[in-house]
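Quick caveat: nothing in here was measured; it's all calculated off a predicted structure.
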Amino acid sequence: MRTLKIISMVAAIAAATVPAFADETARVYGRILADAETIQQKYTAATSAVSIDDPELAPYISDALDWALAARSSVKPGPERETYERLTRVLLKKLGDARYVNAAASVMRAVDDSPDPLTKAEALIALGSMRAVEYAQRVSLLLRDLNNQPTADRDYGEKVAYGCVLSLERMRSPLGFAPLFFASEGWYSKRVRDQAERSLAFILEDPSDAVGAIIATETPPRMIRALDLEFRSTAPASGKARVAALALARGIDLNPRNRTEQNQLSELRVKAMNFLAAVGPGDGSVSPSLAEAYRVGSPDERLVALKALGAERSPASAIALRDIIVDMNSAQSAGLVDETRTVLMRAALQAAAVNAGKELAPAIQVVLINAGWSSGVVSLASAAQKALQK
């Protein structure tokens with residue numbers, strides 16, 4: 001009978017159209033929520049209450065959530081438990097949609113206490129909608145732990161992880177960057193991984209420091225993914241160049257354990273150098289790394305290193321190019337001639353013309369006086385010499 005009475009009262013309120021009465025709607029719904037005694041009565045009242053768009057309703061919804069959290073231990077398994085979880089989720093969603101931050105502690109309690117993955121996920125999403133950043137670390141740690149290994153019930157872990165991902169996206173806290181990055185390649189289904197990848201873009205406008213931390217500590221495949229993420233971001237060119245320089249240095253410093261890792265480190269270096277070549281002149285600090293990448297790299301990687309040394313256009317990069325050209329010229333004079341060396345010399349001279357540093361003059365001169373080079377190489381050396389004279 002009491003449930004029917006509540007339904008009747010809700011219907012009467014919903015049918016009312018008098019503005020003066022409408023101003024009291026939130027208060028009346030709050031009274032109905034407070035008077036409801038059973039789980040079913042609360043659910044009936046809550047499903048109607050949350051349909052109204054009135055910020056004044058949020059405190060009453062919060063009180064109803066506190067009631068539900070306190071009643072958890074007395075809820076019977078079966079239909080009552082199912083209704084209870086639906087009730088809790090309805091309340092959590094409304095509080096999140098209303099961004100009612102005063103209820104954040106209660107919502108976090110729902111995260112901690114609920115054994116139901118959908119309820120836990122709804123609570124996590126509500127925290128994100130509230131921008132309750134004081135809980136960002138706890139949500140980040142929860143997702144980190146889930147990333148580390150699959151839960152015994154994979155479906156449970158997937159649902160909670162999805163809630164964490166959306167929560168961190170909406171919080172916009174830097175603390176969420178690393179857990180989201182690892183979730184995007186974790187054990188989850190494609191749906192969760194893809195959402196984590198999309199969410200990363202919302203966490204930081206400039207993720208350079210966060211990406212740099214990953215590159216400084218992680219495996220080559222993760223460094224490559226992090227570098228790609230940096231290049232796709234809205235970070236300033238200076239930040240991207242700094243991260244590219246770090247990636248290049250890491251790609252040189254690490255000792256590959258096998259052929260696969262060797263290829264991955266080469267890919268990392270090439271990506272970094274292509275960006276540095278595209279971004280243009282620098283201060284010379286990256287020149288030693290570019291020169292080392294030329295030394296250790298394959299012919300294709302050496303071509304990229306030469307391009308980057310040309311574009312860098314600093315005295316340090318000019319000196320590095322000078323030494324490379326002089327060494328190749330000496331090898332040619334000693335009779336070490338093949339197509340690969342010729343291709344590299346042509347690329348080095350083209351880079352020299354772009355760099356145009358006066359430090360290159362001696363190297364260009366030794367090429368011009370070496371009668372062993374082809375007319376094509378000599379022509380490129382002449383063009384480089386003219387560039388130095390401008």
Got a sec, which residues hit side chain to side chain donor-acceptor pair (under 3.5 Å) with Asn370, two or more places apart in sequence or on another chain?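 Residues passing side chain to side chain donor-acceptor pair (under 3.5 Å) with Asn370: Asn329, Gln332, Ser333.
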
Does any N or O in the side chain of [X] come within less than 3.5 Å of the main-chain N or O of [Y], such that one atom is a donor and the other an acceptor?
X: Arg222; Y: Phe181; answer: no
X: Arg269; Y: Gly251; answer: yes
X: Gln41; Y: Glu37; answer: yes
X: Trp187; Y: Leu146; answer: yes
X: Glu158; Y: Ser189; answer: yes
X: Arg250; Y: Ile215; answer: yes
X: Ser140; Y: Leu175; answer: yes
X: Lys159; Y: Pro117; answer: no
X: Arg170; Y: Arg131; answer: no
X: Ser62; Y: Ala58; answer: no

How long is the straight-line distance from [atom2] of [Y] back to [atom1] of [X], given to the nearest 0.5 Å?
X: Ser317; Y: Leu306; atom1: OG; atom2: CG; answer: 11.5 Å
X: Ser374; Y: Arg346; atom1: OG; atom2: CZ; answer: 6.5 Å
X: Cys164; Y: Glu169; atom1: SG; atom2: CD; answer: 13.0 Å
X: Glu267; Y: Asp228; atom1: CD; atom2: CG; answer: 7.5 Å
X: Gln195; Y: Leu166; atom1: CD; atom2: CG; answer: 5.0 Å
X: Tyr162; Y: Leu124; atom1: OH; atom2: CG; answer: 13.0 Å

(request) Go through the steps to decide whether Arg89 and Thr119 satisfy the test side chain to side chain donor-acceptor pair (under 3.5 Å), and finish with yes or no. (result) CA-CA 5 Å; Arg89 290 195 290 271; Thr119 302; 3.2 Å; yes

Search all heavy atoms of [X] against all heavy atoms of [Y] and return the closest pair with its distance.
X: Asn355; Y: Ala318; result: OD1-CB, 3.3 Å
X: Asn147; Y: Pro179; result: ND2-O, 3.0 Å
X: Leu265; Y: Pro220; result: CD2-CG, 3.8 Å
X: Ala36; Y: Lys42; result: O-CE, 3.0 Å
X: Val270; Y: Val304; result: O-CG1, 4.1 Å
X: Ala49; Y: Leu57; result: O-CD2, 3.0 Å

Determine, using the 4.5 Å side-chain heavy-atom cutoff (strictly less than), whether [X] and [Y] are members of one ILVMFWY cluster.
X: Tyr100; Y: Val133; result: yes
X: Val354; Y: Val377; result: no
X: Leu168; Y: Met108; result: yes

Would you check, one step at a time, whether the test side chain to side chain donor-acceptor pair (under 3.5 Å) holds for Ser285 with Asp283? CA-CA 6 Å; Ser285 60; Asp283 61 5; 2.7 Å; yes

Are any non-hydrogen side-chain atoms of [X] and [Y] less than 4.5 angstrom apart?
X: Asp116; Y: Thr88; value: no
X: Asn263; Y: Arg259; value: yes
X: Val378; Y: Val367; value: no
X: Ser289; Y: Glu292; value: no
X: Arg72; Y: Ser114; value: yes
X: Arg225; Y: Ser184; value: yes
X: Met223; Y: Gln264; value: no

field: Positive for side-chain contact (heavy atoms from CB on, under 4.5 Å) with Leu344, one of Asp338, Leu303, Leu349
entry: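 Among Asp338, Leu303, Leu349, the one meeting side-chain contact (heavy atoms from CB on, under 4.5 Å) with Leu344 is Leu303.
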
Kindly determine whether Gln40 and Thr38 satisfy side chain to side chain donor-acceptor pair (under 3.5 Å), including the steps that lead there. CA-CA 5 Å; Gln40 183 60 57; Thr38 68; over 6 Å; no

In terms of side-chain heavy atoms, does Ser298 have a donor or acceptor partner in Asp300 at a distance below 3.5 Å?
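The answer is no; no qualifying pair exists.
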
Looking at [X], I'd like to know if its [atom1] atom is crowded, meaning that more than 12 non-hydrogen atoms belonging to other residues, nucleotides or ligands lie closer than 6.0 Å.
X: Arg31; atom1: CZ; answer: no
X: Glu80; atom1: CD; answer: yes
X: Asn148; atom1: CG; answer: yes
X: Gln389; atom1: CD; answer: yes

With a cut-off of 3.5 Å and sequence neighbours excluded, list every side-chain donor-acceptor pair involving residues 320-327.
none

Could you list all the ring pair (Phe, Tyr, Trp, His ring centres under 6.0 Å) pairs where at least one residue sits in residues 246-296, not counting sequence neighbours?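 Qualifying pairs, neighbours excluded: Phe231-Phe275.
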
Checklist entry - Between Arg193 and Glu197, is there a salt bridge with N-O shorter than 4.0 Å? => result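 Salt bridge flag = no for Arg193 with Glu197.
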
(Q) Lys93 vs Asp97, test: salt bridge (Lys or Arg N to Asp or Glu O under 4.0 Å). Steps then yes/no. (A) CA-CA 6 Å; Lys93 186 177 189 308; Asp97 291 345; 2.8 Å; yes

Discussion item. I'd like to know whether Arg86 forms a side chain to side chain donor-acceptor pair (under 3.5 Å) with Thr83, so could you lay out the CA-CA distance, the side-chain angles of the two residues, the decisive distance to 0.1 Å, and finally the verdict.
Written reply: CA-CA 5 Å; Arg86 288 198 297 270; Thr83 303; 3.3 Å; yes

